[in-house]
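Position 1 is the first residue of the sequence; numbering continues from there. Both ligands and their constituent atoms are indexed starting at 1 by order of listing.
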Amino acid sequence: MTERISIENVSYRYNDQEGYALNDISLNVYDSEWLAIVGHNGSGKSTLAKMLNGLLFPEEGIVTIDGISLTEESVWDIRAKVGMVFQNPDNQFVGTTVEDDVAFGLENHGIAQDVMADRVLGALKLVNMSDFLNQEPHHLSGGQKQRVAIAGVVALRPDIIILDEATSMLDPQGRQEVLSTIRELKENSRLTVISITHDLEEAAKADRMVVLNKGEVFKEGTPLEIFKLDEELTALGLDIPFPGRMAKALRNKGISLADTYLTQEELVRDLWTYHSKK
Ligand code: ADP
Ligand code: MG
């Protein structure tokens, strides 16, 4: 597996704070993987995300993206590789129309005028928003706004997209729209996705998960390995997805089932098997 991001012994403390927001974190992110980062509020997720595109710089340690270490000098090269989508779409708009908004990011990165129009249209098409070119962003639904924000990122052709709770303000439909947009992009191009999320059903679909706690990596592993931790996760203020909780309740009633389940389909399948053996 090719390494895309390497975080080596990174620590960070905000100016006025005594404690470290990130405390000696080491972590790799690999090419084309979908990595979910979870952890309760204040565990350092957003601080870590901001460190991956130079909105913050490590106090100690090194962040390397595609072999380039993050410094004040390399920050623009790194921002061209790493796109970020934040929680609140309303704070991310600068253009008066959808088209202008997506173009703005390109202008900032010095993309030539003649390539720009094509890139903007292409990116809006990818997120299914090309019918909204001349609309004012604040008239869009939450899901549509986030898809435009994604178009702004996609237009820059990043290799890595970071979603920092990017779907948490959306209703279930908006959330689905945004996630399936990113999934499609990932299938059709070489994209690495880092998704910081409270949505455990979403995290369960990731290739790999990292659990942060108090600015440290508590555990990393596949979703199955992570959700097997069960009570260790609840102790950190995290939960396990519904099928896992359901299976646990059933096991407590004497029904023999696997340690944990990530999807309802798997649980239903085993319940049928159990039922037909009875
Ligand atoms: P998360 O995204 O997991 O909720 P954050 O990275 O936002 O966590 O925060 C990690 C820690 O850093 C918390 O203790 C938080 O209070 C602190 N922190 C975050 N942003 C700032 C800031 N701008 N100034 C001071 N402290 C901050
Ligand atoms: Mg956060």
Under 3.5 Å between any N/O of [X] and any N/O of ligand 1: does that happen in this structure?
| X | value |
| --- | --- |
| Ser43 | yes |
| Asn41 | no |
| Gly44 | yes |

What's the spacing between Ile62 CD1 and Thr71 OG1 if we round to 0.5 Å?
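Rounded to the nearest 0.5 Å, the CD1-OG1 separation comes out at 11.5 Å.
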So, does [X] use its side chain to make a donor-acceptor pair with the main chain of [Y] at under 3.5 Å?
| X | Y | value |
| --- | --- | --- |
| Asp100 | Gly95 | no |
| Lys214 | Gly44 | no |
| Asn188 | Glu184 | yes |
| Arg251 | Asp259 | yes |

Can you find a protein heavy atom closer to atom 12 (O) of ligand 1 than 4.0 Å?
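So atom 12 (O) of ligand 1 has protein heavy-atom neighbours under 4.0 Å.
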Within the protein, is there a heavy atom lying under 4.0 Å from atom 15 (C) of ligand 1?
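Protein heavy atoms within 4.0 Å of atom 15 (C) of ligand 1 - there are none.
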Heavy atom under 4.0 Å from ligand 1: found in Lys45's side chain, backbone, both, or neither?
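Looking at Lys45 and ligand 1, atoms from backbone and side chain both fall under 4.0 Å.
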Part of Leu212 within contact of ligand 1 (heavy atoms, under 4.0 Å):
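It is neither; nothing of Leu212 touches ligand 1.
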Whether Ser46 has an N, O or S atom under 2.8 Å from the Mg ion (ligand 2):
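It does; at least one qualifying atom falls short of 2.8 Å.
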Does Asn15 reach ligand 1, in the sense of a heavy atom lying below 4.0 Å from it?
no
Measuring from non-hydrogen atoms of His40 to any atom of ligand 1, is the shortest distance under 4.0 Å?
yes
In short, Ala203 meets Pro223 closest at the heavy-atom pair O-CG, 3.8 Å
Verdict with supporting geometry, Lys50 and Asp164, salt bridge (Lys or Arg N to Asp or Glu O under 4.0 Å):
CA-CA 9 Å; Lys50 286 176 185 157; Asp164 188 357; over 6 Å; no
Write out the residue and atom name of the closest protein heavy atom to [atom], then the distance separating them to 0.1 Å.
| atom | result |
| --- | --- |
| atom 27 (C) of ligand 1 | Tyr14 CD1, 3.2 Å |
| atom 1 (P) of ligand 1 | Gly42 N, 3.5 Å |
| atom 5 (P) of ligand 1 | Thr47 OG1, 3.6 Å |
| atom 7 (O) of ligand 1 | Ser46 CB, 3.8 Å |

I'd like to check which ligand 1 atoms, numbered from 1 as shown, lie under 4.0 Å from a non-hydrogen atom of Gln17.
25 (C), 26 (N)
Heavy-atom contacts with Asp16 under 4.0 Å: which atoms of ligand 1 show up? List them by number with element.
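Those qualifying, in numeric order: 25 (C).
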Short N-O contact, Asp66 and Arg4, less than 4.0 angstrom
yes
Pair Lys248 + Glu231, salt bridge at N-O below 4.0 Å
yes
Tell me whether the guanidinium CZ or amine NZ of Arg269 lies under 6.0 angstrom from the six-membered ring centre of Trp272 and within 45° of its axis.
no
